[in-house]
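What follows is a single structure, written as structure tokens, with notes after it.
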Number of protein chains: 2
Amino acid sequence: MRADARRNRALIVDAAAGLFTARGPEVSMEEIAQAAGLGVGTLYRHFPDRRALLEEIAAGALRTLLDAARDHAARPGSRWDALLACVRRGADLPLALTKSLSDGAEAHPELGPLVRGLDAMLEDLAEGAQREGAVRDDITPRQVVGLLSVAVCRPGARPDDALTIVILDGLRTRAASRGVRT
Amino acid sequence: MRADARRNRALIVDAAAGLFTARGPEVSMEEIAQAAGLGVGTLYRHFPDRRALLEEIAAGALRTLLDAARDHAARPGSRWDALLACVRRGADLPLALTKSLSDGAEAHPELGPLVRGLDAMLEDLAEGAQREGAVRDDITPRQVVGLLSVAVCRPGARPDDALTIVILDGLRTRAASRGVRT
DNA sequence: TCCAAGGTGAATCGGAAATTCCGCTTCCAG
DNA sequence: CTGGAAGCGGAATTTCCGATTCACCTTGGA
């Protein structure tokens with residue numbers, strides 16, 4: 001593969017990941033091309049269609065996050081801190097893609113296992129956080145993870161958003177949130 | 001106006017309001033017609049175009065809610081309770097429409113004043129709730145209102161959603177939420 | 001220097017939703 | 001009871017908009 005082709009492929013992936021992170025999956029090929037400083041035709045030289053591009057980017061994001069999650073889960077200490085660290089790591093990744101690929105993502109040879117693995121790992125952390133008394137236990141671990149992703153990984157979320165702060169606080173038990181706000 | 005025409009107009013408005021409340025503003029004319037048990041042609045006999053229909057319904061919802069807000073605001077007692085009651089009254093109204101009409105809603109002869117009036121009234125209540133110590137004061141009254149509308153008036157929200165519960169809890173001061181959960 | 005790999009973006013395709021239109025049906029005033 | 005204006009239905013048409021193609025131009029690098 002020619003050097004410029006390799007470089008352009010990277011430009012496309014970066015530009016697309018950035019846009020997807022900031023604005024969710026409803027970004028047009030045209031716009032991605034423009035953000036990468038290339039023509040649309042070039043996207044199609046590298047990816048047969050839109051779905052292929054989305055899948056590659058989603059897979060990258062999931063791999064990154066799954067690695068981070070394994071890391072944090074292995075380290076001893078507060079499960080809540082570990083969970084929060086994971087989720088924050090996801091804030092600058094285009095995770096909204098994963099949901100939008102829903103139909104067939106399960107079936108996809110790489111995406112399916114990644115999604116399942118990540119879900120399992122995060123739910124474990126959430127359950128641990130509840131057991132250690134850091135997180136309210138009147139909702140399921142799955143809901144805890146869902147709410148965290150709304151709080152932190154929603155497209156356009158920033159760490160000091162009112163919504164982010166309020167959800168994080170609302171997730172804590174009253175006992176746990178008595179201290180400094182996280 | 002013929003009796004059946006009046007009846008059908010009402011069917012349209014009701015069906016549309018219901019769909020908009022449940023699913024937000026991205027509902028097709030076709031689907032509204034079907035929900036009303038009528039043909040699309042009939043929608044267009046009553047409303048020149050989609051926007052006209054949305055505007056009428058949004059105006060109705062805003063009038064209803066503004067009335068409710070005046071009512072609750074006038075009654076003495078906890079501003080937080082009043083605010084929560086208002087917002088809950090909005091839960092079964094198609095408020096998402098208002099935002100989607102954003103461009104030009106300010107200019108619209110009826111919508112503009114309604115939106116401004118409602119905003120002012122709710123922000124007042126929010127500020128009152130903060131002053132009485134019920135709501136955390138590290139966010140602005142406008143943000144309080146915004147978060148409440150996400151919690152309660154988001155399309156498809158139900159009062160026992162995890163997101164609803166967590167946001168409502170997260171909005172309270174730690175002192176205020178020490179009692180029974182609202 | 002040459003030319004295949006690579007790039008370009010206007011033109012085309014496709015599908016979903018809005019809007020039109022005209023023949024048929026239903027009210028209701030006389 | 002009727003005539004005909006008011007209403008209705010829904011297939012056909014138009015509009016919109018993003019995905020995808022493709023004929024032609026550039027350029028890396030052997």
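Below, chain A is the first sequence line, B the second, and so on; all start at residue 1. If you're wondering where the values come from, they're calculated on a predicted model, not measured in any experiment.
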Heavy atoms under 4.0 Å, any strand shown: does A/Ala33 hit a base, just sugar-phosphate, or nothing?
-> nothing

Test: [X] and [Y] ion pair at under 4.0 Å:
{"X": "A/Arg51", "Y": "A/Asp49", "result": "no"}
{"X": "A/Arg70", "Y": "A/Asp67", "result": "yes"}
{"X": "B/Arg75", "Y": "B/Asp71", "result": "yes"}

Distance, rounded to the nearest Å, where [X] contributes [atom1] and [N] contributes [atom2]:
{"X": "A/Ile32", "N": "D/dT20", "atom1": "CD1", "atom2": "C1'", "value": "14 Å"}
{"X": "A/Arg7", "N": "C/dG7", "atom1": "CZ", "atom2": "C1'", "value": "13 Å"}
{"X": "B/Leu53", "N": "C/dA17", "atom1": "CG", "atom2": "C1'", "value": "15 Å"}
{"X": "B/Met29", "N": "D/dA12", "atom1": "CE", "atom2": "P", "value": "20 Å"}
{"X": "B/Glu30", "N": "D/dA11", "atom1": "CD", "atom2": "C1'", "value": "10 Å"}
{"X": "B/Glu26", "N": "C/dA18", "atom1": "CD", "atom2": "C1'", "value": "15 Å"}
{"X": "B/Leu43", "N": "C/dA18", "atom1": "CG", "atom2": "P", "value": "10 Å"}
{"X": "A/Tyr44", "N": "C/dG7", "atom1": "OH", "atom2": "P", "value": "16 Å"}

Heavy-atom pair of closest approach, residues B/Ala129 and B/Arg79 =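 B/Ala129 and B/Arg79 have their closest heavy atoms at N-CB, 3.5 Å.
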
Would you tabulate the pairs of protein nitrogen or oxygen atoms and nucleotide nitrogen or oxygen atoms of nucleotides 7-9 of chain D closer than 3.5 angstrom?
unit_1 : atom_1 : unit_2  : atom_2 : d
D/dG7  : OP1    : B/Arg2  : N      : 3.3
D/dG7  : O4'    : B/Arg2  : NH2    : 3.3
D/dC8  : OP1    : B/Asn8  : ND2    : 2.1
D/dC8  : OP2    : B/His46 : NE2    : 3.3
D/dC8  : N4     : B/Arg45 : NH2    : 3.2
D/dG9  : OP2    : B/Gly39 : N      : 2.8
D/dG9  : OP2    : B/Thr42 : OG1    : 2.6

B/Glu106: partners by side-chain contact (heavy atoms from CB on, under 4.5 Å), with sequence neighbours left out =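 By the side-chain contact (heavy atoms from CB on, under 4.5 Å) rule, B/Glu106 matches B/Val115, B/Arg116.
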
Drop me the distance from A/Arg154's CZ to A/Leu147's CG, to the nearest 0.5 angstrom.
->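 Taking CZ in A/Arg154 and CG in A/Leu147, the distance rounds to 12.0 Å.
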
